[in-house]
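Both backbone and side-chain heavy atoms feed into the values below; hydrogens, waters and symmetry mates do not. Residue indices begin at 1 and follow the sequence shown.
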Amino acid sequence: MDHDSTDHPQPPRKARRSSQPDLPPQDLTAAADVDPATSAAEEDDEARLPEAPEEPTDAIAEGPLAVGHAAIENAVRLAPTSPGVYRMLNTASDVLYVGKAKNVRKRLASYARVNAPLPARILRMIAATVTVEIVSTTTETEALLLEANLIKQLRPRFNVQLRDDKSFPYILITGDHWAPQILKHRGAQTRPGRYFGPFASAGAVNRTITALQRAFLIRSCTDGFFESRTRPCLLYQIRRCSGPCTREIDFPGYGELVREATDFLSGRSHAVKELLAAEMEKASNELEFETAALYRDRLAALSAIQSQQGINPRTVEEADVFAIHQEGGYSCVEVFFFRTGQNWGNRAYFPRAEKSFTPQEVLASFLAQFYDDKPPPKLILLSHEIEECALLADALCVKAGYKVEISVPKRGEKKELVTHALTNAREALGRKLADTATQGRLLEAMASTLGLPQVPKRIEVYDNSHIQGTNAVGAMIVAGPDGFIKNQYRKFNIKSEGLTPGDDYAMMREVLERRFKRLLKPPEGDAAKADDDSFPQWPDLVIIDGGRGQLNAVREIFQGLGLTQVCLMAVAKGPDRDAGRETLFMPDREAIKLEPRDPVLYFIQRLRDEAHRFVIGSHRKLRKKDIREAGLQEIPGIGPSRKRALLHHFGTLKEIERASIADLGKVPGVSAESARKIFEFFHA
């Protein structure tokens, strides 16, 4: 689905003259540039299974349940008879449940009836309730939208919770330049232009943009690179760009290419293909075979887009397909995105919900939260009938500004799409349950091998990274029964003044003190509500990279903080840094050496390597930021004159960073040795 935030394009601007290499400063294997203002990491975090809480079999004590009934009865007396949203809170003012109702008083009264046959989940919620907060709304539609927003924000224990809610990538055709650029975009859609999506993954966007470049010859270079061209780059030579930078195509001609691309992505693909086929036939009849071949290649690229996406429906132009499968107390919602008659990918979600929730209840709550910050398509296909389907459709219509239809197909191609999504949901949940079981066995083996008092539910691994003490950064990665928990990762910019450059002990001391002092401090306000009760905040095991010396230093830090319940372990590299020959150190114990093929050792290596990857990536980002802020003077032998020459040649510091050694050596005044130093400075 596309979204238009296009201003009128600016008139053509004259390109600045400068000598430039033939190759654009970008990797031709990548599909397109990413919008630098809103770029995000392309690594899609694997969704994890939430803890499936066990239903208690003990009877609920009359006292707490009576207290909850009394609190709700007090709220009933003051509740409005109009639509609204209510929140149930416990003694710590944590929100237990968020609900909406057409008549708030009537809904709350249903909870207040003492002898009403309610599920155990509802009875536990009532027993924990001490107060009820109410927000009135004008319509039930507004109440539904507010409820979804509050559930995502507050994460109440007794609601279905959407997890792993990452932003989706879109294709953006910019509207703030006379020669629009096509690129990948994540985040807020504030830049003028047309947005098409969502796509399920960055890979799907990249493949589509690559084919669109071949079909419509729209540029993907940055505005700075575009303005500095004096001759077409390599993308023009390989027929992936029409060369507007050097006026190989005029303004009306380029505008027509952009219009065709916009029409194709907006769902008018058949008309665009018919137009190109007619132009190819016309050129062939006029014996302009090179022009006809160009149209032929563009048609082939369009066909590639529509064939590479897997299942492409014939009768569905734009739709999202949702299918839910439940097994072992868990739920998996598989989402497929179809736009312009093409499959733009799929993604599996594992929402947190108690076992007593039916598939219909989970799916209904999931949908309201899913579209809280995303524009819905005109058609939503579901695997299960949900309550208040018409109300949800009306709410999405109000939010989107156009009609949204929600249906459960019974036959035909739409039914086939839902069945396909349901099969994927069943397989995704099966894979996730199998992975979780394997991870559980590894944790049990680790506890047995290392003699831990219990199987660790939360493991934290710490590491530092710096270059001669500069841009020092520490990092923490977290692992648990579901694998790496990436939304729990943290980085620590080292702030201590007077720190001896390269003092790893002092850096580790600062990181650990900042981490655990925060845990030791009682949470206040919003921080008290931020903890996810499905995953512990305190680690059972802390792993550091190093030997006995690092272990003793960390042990002293923990003793100073009064931490005695957290197990410690240090992992020292083997001789010549060989993997498989690591030595494990634990307090008051002999060093432990495991067999090279031991699964526990391999698991520990994975934990350490993941910490390495994360901390080195954090250090590089910090270093690049400092490089951009400081300019090029930090590179030995690069003074103001060479800096001006480099900027005049490449346009921006970002393009200098992307350039190869050969391209750097073509800059006047930059020798081969200087080019090597510049390249190594950016790519150390």
Side-chain angles (χ1 to χ4, degrees), residues 446-447 450-480 484-485 488-524 527 530-531 535-573 582-592 604-605 607-616 618-619 622:
M446 171 185 270
L450 302 179
L452 302 179
Q454 62 183 7
V455 177
K457 289 186 177 181
R458 180 185 179 107
I459 301 174
E460 294 182 357
V461 188
Y462 293 85
D463 200 2
N464 299 323
S465 181
H466 61 89
I467 294 181
Q468 296 180 344
T470 61
N471 302 119
V473 62
M476 171 190 80
I477 66 110
V478 181
F484 294 116
I485 316 299
Q488 301 274 335
Y489 286 15
R490 297 293 182 268
K491 67 176 182 179
F492 303 83
N493 293 329
I494 305 300
K495 301 177 181 177
S496 298
E497 296 182 1
L499 187 71
T500 303
D503 189 346
D504 287 333
Y505 289 177
M507 293 179 191
M508 186 61 70
R509 181 180 300 108
E510 177 181 339
V511 169
L512 292 174
E513 286 180 349
R514 285 167 58 184
R515 161 65 177 154
F516 287 98
K517 281 182 178 178
R518 183 174 301 173
L519 275 182
L520 290 167
K521 184 185 300 182
E524 299 176 359
D531 290 349
F535 192 67
Q537 298 300 301
W538 276 92
D540 300 305
L541 175 65
V542 168
I543 300 177
I544 57 173
D545 185 32
R548 182 73 71 179
Q550 283 85 353
L551 178 70
N552 292 334
V554 173
R555 190 180 183 186
E556 291 178 5
I557 296 169
F558 276 25
Q559 289 174 347
L561 295 173
L563 301 177
T564 58
Q565 302 300 319
V566 180
C567 297
L568 289 176
M569 184 175 70
V571 182
K573 299 178 180 65
E582 286 84 357
T583 303
L584 311 180
F585 296 95
M586 300 186 72
D588 303 324
R589 292 177 57 180
E590 295 293 328
I592 303 172
I604 293 172
Q605 290 171 358
L607 295 173
R608 180 201 59 196
D609 293 345
E610 173 68 3
H612 281 338
R613 181 200 66 79
F614 183 61
V615 75
I616 290 173
S618 301
H619 167 73
L622 185 63

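- With sequence neighbours left out, the salt bridge (charged side-chain N to carboxylate O under 4.0 Å, His left out) criterion links D545 to K573.
- Between R608 and E610 there is no salt bridge, since none of the side-chain N atoms of the basic residue sits less than 4.0 Å from a carboxylate O of the acidic one.
- By the side-chain hydrogen bond (donor to acceptor under 3.5 Å, both in side chains) test, R509 pairs with no residue at all, sequence neighbours left out.
- Residues V461 and M569 are not in side-chain contact: their nearest non-hydrogen atoms beyond the backbone lie 4.5 Å or more apart.
- For the side chain to side chain donor-acceptor pair (under 3.5 Å) condition, the pairs that include at least one residue of residues 547-562, sequence neighbours left out, are R555-D588.
- Partners of F558 by ring pair (Phe, Tyr, Trp, His ring centres under 6.0 Å), not counting sequence neighbours, listed by chain and number: F516.
- For the side chain to side chain donor-acceptor pair (under 3.5 Å) with D540, the qualifying choice from K457, Q454, R458 is Q454, the only one to do so.
- No donor-acceptor distance shorter than 3.5 angstrom exists from the side chain of R515 to the backbone of R490, with no hydrogens or angles considered.
- Take Y489 and apply the ring pair (Phe, Tyr, Trp, His ring centres under 6.0 Å) test, not counting sequence neighbours, and it matches F614.
- Looking at residues two or more places apart in sequence or on another chain, you find a side-chain hydrogen bond (donor to acceptor under 3.5 Å, both in side chains) between D463 and H612.
- Partners of R514 under the side-chain hydrogen bond (donor to acceptor under 3.5 Å, both in side chains) rule, at least two apart in sequence or in another chain, are E510.
- Residues that satisfy the side chain to side chain contact (heavy atoms under 4.5 Å, CB included) test with A553, not counting sequence neighbours, are Y505.
- Panel note: side chain N464, backbone M507; no donor-acceptor pair is recorded below 3.5 Å.
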